[in-house]
Amino acid sequence: MSERKNSLAAQRIQRVLDDNSFVELGAGITARNTDFNLSQENTPSDGVITGHGLIDGNLVFIYSQDNSVLGGTIGEMHARKIANIYRMAVKMGAPVIGFLDCGGVRLQESFDALESIGSIYQEAVKASGVVPEITVVCGKCGGGMSVLTGVSDFVFMTNEAKLFVNAPDTIPGNSVDDCDTASAKFQYESTGLVDAIGSEDEIADAVRELVTILPGSNLEDGRFDEANDDLNRASEIEGNVEDALFVAKELSDDKFFVETKKGYATEMVTGFIKLDGQTVGFLGNQKTSLTAKGCRKAADFVRYCDAYEIPVLTLTNVKGYEASVHAEKTLPKALASFVFALSEASVPKINLITKNAFGTAYVLMNSKATGADLVLSLPDADMGIMDASLAAKLMYAGDDSADLNEAANLFEEKQSGINNALRHGYIDRVVNPADARKYLIAGFEMLCTKQVDEAFKKHGTK
């Protein structure tokens with residue numbers, strides 16, 4: 001890399017890694033194909049810098065496409081270098097970070113290039129669920145290379161980057177002026193693919209922060225670091241329990257929170273907190289109805305946590321489902337994906353009911369029935385099959401002589417509320433808001449040796 005230390009590709013590596021920690025691999029490799037005058041081109045490293053380094057002392061493997069060499073296009077040797085980085089990362093149990101700035105498949109190499117990009121897919125898929133895969137789109141990433149962002153666990157985009165399968169102007173009825181489907185903003189807010197957008201410096205900081213809270217591989221049994229915050233610190237969440245983002249930060253060590261997919265389906269908050277030094281996956285709905293996008297976002301997040309032995313904390317405040325014609329087209333499958341993810345996850349799972357827990361929407365949000373190890377509730381929370389007044393109207397429909405208020409009060413007394421849930425064993429403990437952090441830490445500490453032995457099956461179908 002010494003010859004190209006000032007190239008954008010090299011600068012991106014230097015920006016994200018600890019100082020002087022990068023070791024380049026495959027620096028002497030160049031393009032092998034000589035057709036169409038390719039032999040006359042200078043192709044240092046065949047357009048991609050690869051190697052390993054450290055982030056806050058954590059080993060990572062890294063590659064950065066160099067747009068100044070044949071437009072960063074992917075040829076046989078270019079792809080071979082990237083595939084090798086994935087293989088080494090799996091062997092060593094360390095995250096992979098890729099910077100994409102690519103002009104697509106190299107035309108001069110035709111079938112060799114096509115097969116080579118397939119080899120990258122193969123290694124990335126093999127690495128999925130074994131080591132964290134982080135991709136940064138910092139230039140142009142189109143066509144087949146965009147598939148790699150979908151395989152990745154976390155995706156970042158710089159503000160001016162472009163990410164697309166089909167360019168906006170090639171989509172029938174669309175143009176870049178109508179809807180720039182390749183823009184960072186579109187990918188961040190509309191697709192559910194991108195975790196964060198920003199300047200190159202902001203993205204580098206975000207990648208560094210993420211690496212320091214994730215386990216290096218699925219063999220590490222999660223991530224534990226030294227904690228400086230008081231275990232018994234009071235949680236100041238009273239009065240703000242409906243704000244999942246606020247609660248996440250308030251519960252976490254030093255109010256630390258790394259949010260994922262921040263711009264997409266904002267009604268569902270997902271991200272990582274720290275509880276006594278342990279990385280914990282957090283999800284909570286911001287409004288009282290579950291949406292299809294929110295459930296898909298949450299399901300993907302839970303599956304990630306389960307793959308890397310990261311415990312899951314859910315925050316429940318829900319009354320029902322999004323009601324619209326469009327929602328009816330997408331909700332059943334999205335809800336199924338969500339319940340699959342939570343039910344199949346074998347990591348420790350705790351549910352904290354903060355405000356409302358009604359109907360089957362509550363059941364989906366990590367209830368005892370769907371696999372929660374512990375269910376805690378704040379004292380002012382309410383729960384039941386549905387609102388008592390509505391239940392009375394349904395039970396006595398057509399009965400003009402019924403006293404609906406009396407029926408509603410009786411239903412509320414006998415069938416609703418957290419006290420009834422406690423008596424039936426569906427809530428383990430009611431905790432004061434100030435004590436929530438303390439009980440969550442104790443709960444996850446108790447669950448740290450959890451083991452689940454289930455009948456073998458290859459995988460579910462949703």
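Hydrogens, waters and symmetry mates are skipped; everything else that's a heavy atom, side chains included, is used. For reference, positions follow the sequence shown, starting with 1.
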With salt bridge (Lys or Arg N to Asp or Glu O under 4.0 Å) as the test, would you mind laying out the steps for Arg15 and Asp205 before giving the verdict? CA-CA 9 Å; Arg15 188 178 284 118; Asp205 289 342; over 6 Å; no
For side chain to side chain contact (heavy atoms under 4.5 Å, CB included), just list the numbers for Thr181 and Asn174, CA-CA rounded to whole Å, side-chain angles, deciding distance to a tenth of an Å, and then say yes or no. CA-CA 9 Å; Thr181 53; Asn174 187 55; 4.2 Å; yes
So, do Glu115 and Glu76 sit near enough that their side-chain heavy atoms are less than 4.5 Å apart? no
Above 12 or not: heavy atoms from other molecules or residues under 6.0 Å from CZ of Phe257? yes
List the atom of Asp195, the atom of Phe154, and the distance in Å for their closest heavy-atom pair. OD2-CA, 3.2 Å
Could you give me the CA-CA distance, side-chain angles and deciding distance for His78 and Ser116, then say whether side chain to side chain contact (heavy atoms under 4.5 Å, CB included) is met? CA-CA 8 Å; His78 181 118; Ser116 296; over 6 Å; no
If you take all heavy atoms of Val194 and Gln187, which pair is closest and at what distance? CG2-CB, 3.7 Å
Given Tyr308, Phe256, Phe272, the one that forms side-chain contact (heavy atoms from CB on, under 4.5 Å) with Thr279: Phe272
Heavy-atom side-chain contact between Arg208 and Val16 under 4.5 Å: yes
Can you tell me if Thr135 and Thr149 form a side-chain donor-acceptor pair at under 3.5 Å? no
Flag side-chain contact, heavy atom, 4.5 Å: Glu322 against Leu290: no
So that I can tick it off, tell me whether Asp373 and Lys450 are bridged by a salt bridge, with the cut-off set at under 4.0 angstrom between side-chain N and carboxylate O. yes
Does a donor on one side chain sit under 3.5 Å from an acceptor on the other, for Asn351 and Thr316? yes
Under 3.5 Å side-chain donor-acceptor pair for Thr360 and Tyr321: yes
Pair Thr50-Asn84, side chain to side chain contact (heavy atoms under 4.5 Å, CB included): steps then yes or no: CA-CA 9 Å; Thr50 60; Asn84 184 56; over 6 Å; no
Do Ile55 and Ile97 touch side chain to side chain, with heavy atoms closer than 4.5 Å? yes
Inspect the surroundings of NZ in Lys355 and state if more than 12 heavy atoms from other residues, nucleotides or ligands are less than 6.0 Å away. no
To the nearest 0.5 Å, tell me how far Cys179 SG sits from Phe186 CZ. 4.5 Å
Among side-chain atoms of Tyr86 and Tyr63, is any donor-acceptor pair under 3.5 angstrom? yes
Would you check if Val258 and Ile213 make a side-chain contact, meaning some heavy-atom pair closer than 4.5 Å? yes
So does Ala357 get a backbone contact from the side chain of Lys319, meaning a donor-acceptor N/O pair under 3.5 Å? no
Please name the pair of heavy atoms, one in Glu309 and one in Pro311, separated by the smallest distance, quoted to 0.1 Å. O-CD, 3.6 Å
Could you measure the distance from the CD1 atom of Ile74 to the CD1 atom of Ile117? Nearest 0.5 Å is fine. 4.0 Å
Please report the shortest heavy-atom distance between Gly51 and Phe22, naming the atom on each side. CA-CE1, 3.6 Å
How many angstroms lie between CG in Leu376 and CG in Leu374, if you round to the nearest 0.5 Å? 6.0 Å
Do Lys274 and Asp229 meet the salt-bridge criterion of a basic N to acidic O distance under 4.0 Å? no
Count the heavy atoms of every other residue, nucleotide or ligand shown that sit under 6.0 Å from NZ of Lys140, and state whether that count exceeds 12. no
Do Met157 and Val136 come within less than 4.5 Å of each other through their side chains, counting heavy atoms only? no
Worked verdict on Thr291 versus Glu267 for side-chain hydrogen bond (donor to acceptor under 3.5 Å, both in side chains): CA-CA 8 Å; Thr291 68; Glu267 64 273 14; 2.4 Å; yes
Is Asp306 salt-bridged to Arg303, cutoff N-O under 4.0 Å? no
Could you give me the CA-CA distance, side-chain angles and deciding distance for Asp180 and Lys185, then say whether salt bridge (Lys or Arg N to Asp or Glu O under 4.0 Å) is met? CA-CA 9 Å; Asp180 188 359; Lys185 185 176 186 295; over 6 Å; no
Gap separating the NZ atom of Lys329 from the OG atom of Ser324, nearest 0.5 angstrom: 9.0 Å
Centroid-centroid distance, Phe301 to Phe282, less than 6.0 Å: no
Please report the shortest heavy-atom distance between Gly57 and Asp18, naming the atom on each side. N-OD2, 3.0 Å
Salt bridge check: are Lys261 and Asp300 linked by an N-O gap of less than 4.0 Å? no
Kindly compute the distance separating OG1 (Thr270) from OH (Tyr304), expressed to the nearest 0.5 Å. 12.5 Å
Quick one: OH on Tyr188 to CG on Asn159, what's the gap to the nearest 0.5 Å? 10.5 Å
By the definition side-chain contact (heavy atoms from CB on, under 4.5 Å), identify the one residue from Val60, Leu54, Leu59, Asp56 that meets it with Val211. Val60
Can you confirm whether Lys293 is buried at NZ, in the sense that more than 12 heavy atoms of other residues, nucleotides or ligands lie under 6.0 Å from that atom? no
For Arg87, is there an ion pair with Glu123 - N to carboxylate O distance below 4.0 angstrom? yes
Scanning both residues in full, the closest heavy-atom pair of Met268 with Asn285 reads SD-N, 3.8 Å
Side-chain H-bond candidate by donor/acceptor type, Glu24 with His52, under 3.5 Å: no
Evaluate whether atom CD of Glu220 has more than 12 neighbouring non-hydrogen atoms of other residues, nucleotides or ligands under 6.0 angstrom away. yes
Less than 4.0 angstrom from a charged side-chain N to a carboxylate O is my criterion; do Asp101 and Arg12 meet it? yes
From CA spacing to verdict: side chain to side chain contact (heavy atoms under 4.5 Å, CB included), Phe99, Gln65: CA-CA 6 Å; Phe99 289 91; Gln65 293 181 312; over 6 Å; no
Check whether any side-chain N or O of Ser235 sits under 3.5 Å from a backbone N or O of Ile237 as a donor-acceptor pair, and report yes or no. no
Considering residues, nucleotides and ligands other than Asn20, do more than 12 of their heavy atoms fall under 6.0 Å from its CG? no
How about Val147 and Tyr121: do any of their side-chain heavy atoms sit closer than 4.5 Å? yes
Does any N or O in the side chain of Ser343 come within less than 3.5 Å of the main-chain N or O of Val339, such that one atom is a donor and the other an acceptor? yes
Beyond-backbone contact of Ile62 with Val96, side-chain heavy atoms, under 4.5 angstrom: no
